[in-house]
There are 2 protein chains.
Amino acid sequence: MHDVAKLAGVSVKTVSNVVNDYPHIRPATREKVEKAIAELDYKMNISARNLRQGRTGIIGLALPELSLPYFAELADSVIRAAEARGVVVLIEQTGADRQHELEVLTSERRQLTDGLIFSPLALGPEDTEALKVDYPLVVLGERIFGGDWDHVTMNNVEAARAATQHLIDQGRRRIAVIGAHAGETMGSAALRLLGYQAALAANGIPMDPSLVVEGGLWHRATGADCTTRLLESGTTVDAIFGLNDALALGALHTLHARRIDVPGEIAVIGFDDIEDASYSSPTLSTIAPGREQIAATAVEQLVARIGGDGEPFRRVVSDFEVVERESTRV
Amino acid sequence: MHDVAKLAGVSVKTVSNVVNDYPHIRPATREKVEKAIAELDYKMNISARNLRQGRTGIIGLALPELSLPYFAELADSVIRAAEARGVVVLIEQTGADRQHELEVLTSERRQLTDGLIFSPLALGPEDTEALKVDYPLVVLGERIFGGDWDHVTMNNVEAARAATQHLIDQGRRRIAVIGAHAGETMGSAALRLLGYQAALAANGIPMDPSLVVEGGLWHRATGADCTTRLLESGTTVDAIFGLNDALALGALHTLHARRIDVPGEIAVIGFDDIEDASYSSPTLSTIAPGREQIAATAVEQLVARIGGDGEPFRRVVSDFEVVERESTRV
DNA sequence: TTGTAGGCGTTATCAC
DNA sequence: GTGATAACGCCTACAA
């Protein structure tokens, strides 16, 4: 910057003003400086600016893992939204491990980012304290309510209710759920199960515990495994609600292997609308959770906070949609 | 740092020594300092360190997009490998657009990263000059050979030959390829096509141009579309080689929709071994390209370069493996 | 083994 | 409108 200033015959401050688009600069001066910049191929030192301003222009995104298609697609959307706002994204994977999720919140890396978009999977209401951090934070999902931070989420209960209702509308009555988490009262698993129960109740269908299959991590493998256990339990089933698409795709896999017709014998619906859902055989009906909207809103809120927005903390709920495809089409 | 030094009764330099694990410190001194750090909850200012050292501890990863499962899984592996080496990863998406890929190389964001792992999809040999950058660079894939940078890749030709040979071993003779890029002489498409041709030649099978289907971006949708065009051309086909798994999964989709038995009538093999390949119906045979190894090697090389390694530029070729699943199992 | 001085490249302040 | 100067918080000499 010194060199540029010298070559242009101005002070460093003027150079700084030019590169920062400070409005009150004489056109002639600006031109001189820009010519010097071009001539010397000068590039601003971001580290120095960061030090001075206390900002990095980087936001963190902490999620379970990119191998899970939903999170890969979410990350894609977040990066795009961030780019539109002139910030870049540092991704950290927690592996859905509670210790790792707690660590992310206090990590040294938080120094590197101006704020964090956090999608926890293992934290629960007992970890509320840990989320009281001194940097801008936007939490995704519904695991932890009511803290002093911004929240972007979807209406899990209502969406799961709609998915179940869709199956009921097709005449299904023995609807299984795979991927349930016993004992949880928060988190997607619990909330979606609630929606499922609500739909059954609203249609006067008794809830049968043998139709609720536990499953830990929501991978395809888990869905395949849950479905095997379900079928081998001998209970009657005419539909399966996978609490996410990966589970539902795993279910399709098992059903296919056992030559069970979908949707003829058993209809299947998932949740997330990942890209695979459009290309599986059969294609998978699912809930589209408004991923783009979630990403855009989260980035927008975070950037606003970083900019010193003193608004009260918000909780934004995105829209969802039932997407009917072959796996439930009669 | 001043405050810590004052509280511990030492100089700032000593504090610095402690936090940087400088070896020659009296245990008593170290303890005093650590106590003061804990008491004040002191955190080092990374920006200041970056300014002083000229390093950020961040590496860039530029790839087409995270929605493509192969790249999502690659990013996952890169982040893990980077974590093991104490660096974090900033991901940029190029959308496989040439302009965007060129821009990534000179972007202001390069100031923020100590080096870049770059997986180009649109650049070709004519862009060699653009890759001559003044920061550590590791290029993935085989689009551009022989420049002054490190290269981590797989043996596309040999792997494609093995995939084709696998189909031939199953008695297939009318083997189609989907996703070819006419006119390209570099890049995965061209190299894999070369391997395909080599296998046919080695087995005395004539190459039939009507079996080579063009397809631009390697998404599922493209694979589905290529397969439709292939079938509607009326040519005889008993196997399809998708130049990546997404294409092959798209093919499975179309074949399923048309009630064509896989592998009974048509066998299908892909390339990449993404997670979906294990859970499609039928499960997809494919080439496992050693993704973990590629990621680990790329990070390792980049970190070595950043550390000032003056070794000559290397080209590392990872191992691959044919994975046989239902889509080719007789 | 520890302390002191100086500078890394910017931007903010406040004159002019 | 533009310039001089002092921080931002750390690390690398070099000295003690």
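First the proteins, then the strands, lettered A, B, ... as listed; each starts at 1. In what follows, every heavy atom counts, from backbone to side chain, and hydrogens, waters and symmetry copies are set aside.
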Separation of [N] [atom2] from [X] [atom1] (nearest whole Å):
X: B:I37; N: D:dC10; atom1: CD1; atom2: C1'; value: 14 Å
X: A:H24; N: D:dG3; atom1: NE2; atom2: C1'; value: 17 Å
X: A:N17; N: C:dT11; atom1: CG; atom2: P; value: 9 Å
X: B:K6; N: D:dG9; atom1: NZ; atom2: P; value: 14 Å
X: A:R55; N: D:dC8; atom1: CZ; atom2: C1'; value: 15 Å
X: B:H2; N: C:dG6; atom1: NE2; atom2: P; value: 14 Å
X: B:K13; N: C:dT2; atom1: NZ; atom2: C1'; value: 9 Å
X: B:Q53; N: C:dG7; atom1: CD; atom2: C1'; value: 15 Å

With the side chain of [X] defined as its heavy atoms from C-beta on, choose the nearest nucleotide among [options].
X: A:A48; options: C:dT1, C:dG9, C:dT11; answer: C:dG9
X: B:R52; options: D:dA4, D:dG9, C:dT4; answer: D:dG9
X: B:M1; options: D:dG9, D:dA4, D:dC11; answer: D:dC11
X: B:R26; options: C:dT2, D:dT2, C:dT4; answer: C:dT2

Determine whether a donor-acceptor pair (N or O, by modelled atom type, separation under 3.5 Å) exists between the side chain of [X] and the backbone of [Y].
X: B:D127; Y: B:A130; result: no
X: B:T113; Y: B:L90; result: no
X: A:N45; Y: A:S47; result: yes
X: A:E101; Y: A:T94; result: no

[N], OP1 or OP2 - any side-chain N/O from [X] closer than 4.0 Å?
X: A:T14; N: D:dT2; answer: no
X: B:T29; N: C:dT1; answer: no
X: B:Y22; N: D:dT12; answer: no
X: B:N20; N: D:dC11; answer: yes
X: B:R49; N: D:dC11; answer: yes
X: A:S11; N: D:dT2; answer: no

**Item:** Sugar-phosphate, base or nothing in reach of B:I25, heavy atoms under 4.0 Å
**Value:**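 Touches sugar-phosphate only.
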**Asked** NA contact type, B:N50, heavy-atom cut-off 4.0 Å: base, sugar-phosphate, or nothing?
**Response**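 The answer is nothing, as B:N50 stays clear of every strand by at least 4.0 Å.
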**Message:** Taking side-chain contact (heavy atoms from CB on, under 4.5 Å) as the criterion, tell me which of A:V139, A:V138, A:L302 meets it with A:D150.
**Reply:**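 Only match with A:D150 under side-chain contact (heavy atoms from CB on, under 4.5 Å): A:V138.
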